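Working notes, structure below.
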Amino acid sequence: MTAAILGFALFSLLVAMAPGPDTLLVLRNCLRGGRRTGGATALGAAAGSLAWGIAAALGLAAALQRWDAAFTVVRLAGAAYLVFLGAQVLWAQRRAGAAAVEVPDEGGQAPGVGEAFRQGLLSCLLNPKVGVFFVAVVPQFLPEGGEGGSALGTTLLFGAVDAAVAGVWLLLVAAGATRLLGWLRRPRVHRNLERTTGGVLVALGVGTAVEG
């Protein structure tokens, strides 16, 4: 069992390290509000992953995968949320125009800790691929002969492991970004990073919406 947990943890780490919406949100919120804001975003994403793990253990994620209409609704909601976040970034940059960009921790621009947590949570909850990940991957690590309550408990354990791995990785991303804030907040760097982040979020949203 220990080997299965370690193997799943390593697999979860590889998945978490792949750049995605959660990582982009953590980086952007670090830039806007510092380490606490980025850390709150990371914890929100980890909480969303844990929720998907619980849903997988209860069979909800598998049901969602089989129910095409519900899966499509969640997928499109997630896509719309990503486009919304990206459009916010691009609109803010457009309003800034050619003027010098101030350090984005003033004037209420930076999200509060609660708002940052909610953004990370929704980013993960509205991504049905996380649920599909549990449905497709967890059974490969379950001990042979595990049924009923045993399989339920093991799936819940794996959900907690995945949430912990994702949370630790994203917190490390936030810590690393915090060390670079002086450079990242230079007007030209900040402006280009915001535009790139906004464009990528919109592209991810559109890609999620149009994929079959």
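In this text, all values refer to a predicted model and were calculated from it rather than measured experimentally. Numbers for residues simply follow the sequence, beginning at 1. Just so it is clear, the values below take in all heavy atoms, side chains as well, and ignore hydrogens, waters and symmetry mates.
Contact detail for Trp52 and Leu125: the closest heavy-atom pair is CZ2-O, 3.3 Å. Contact record, Phe158 with Phe8: O-CE2, 3.1 Å, taken as the closest heavy-atom pair.
Annotation: side chain to side chain contact (heavy atoms under 4.5 Å, CB included) contacts of Ala9 (sequence neighbours excluded): Val161, Val165. With sequence neighbours excluded, no residue forms a ring pair (Phe, Tyr, Trp, His ring centres under 6.0 Å) with Phe117. Remark: Arg36 engages no residue in a side-chain hydrogen bond (donor to acceptor under 3.5 Å, both in side chains) (not counting sequence neighbours). A search for side chain to side chain contact (heavy atoms under 4.5 Å, CB included) contacts involving Ala166 returns nothing, not counting sequence neighbours.
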Output side-chain donor-acceptor pairs under 3.5 Å for residues 38-45, partner residues at least two apart or in another chain, one line each.
| from | atom 1 | to | atom 2 | distance (Å) |
| --- | --- | --- | --- | --- |
| Thr41 | OG1 | Asn29 | ND2 | 2.9 |
| Thr41 | OG1 | Thr37 | O | 2.9 |

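For residues 2-12, every residue pair satisfying the side chain to side chain donor-acceptor pair (under 3.5 Å) rule, not counting sequence neighbours, is listed here: Ser12-Asp162.
Taken from CG in Leu170 to CE in Met17, the straight-line distance is 11.5 Å, to the nearest 0.5 Å. Atom CG of residue Leu14 and atom CH2 of residue Trp169 lie 10.0 Å apart, to the nearest 0.5 angstrom. The CG atom of Asp22 sits 10.0 Å away from atom CG of Leu121, with the distance rounded to the nearest 0.5 Å.
Using a 4.5 Å cut-off on side-chain heavy atoms (C-beta onward), Leu27 and Thr23 make contact.
The same ILVMFWY cluster, assembled from side-chain heavy atoms under 4.5 Å apart, contains both Phe11 and Leu157. Residues Val26 and Val15 are members of one and the same hydrophobic cluster, defined by side-chain heavy-atom contacts under 4.5 angstrom among Ile, Leu, Val, Met, Phe, Trp and Tyr. Follow the hydrophobic side-chain contacts under 4.5 Å out from Val168 and you never reach Leu6; the two are in separate clusters. Both Leu50 and Leu58 belong to a common hydrophobic cluster when Ile, Leu, Val, Met, Phe, Trp and Tyr are linked at side-chain heavy-atom distances under 4.5 angstrom.
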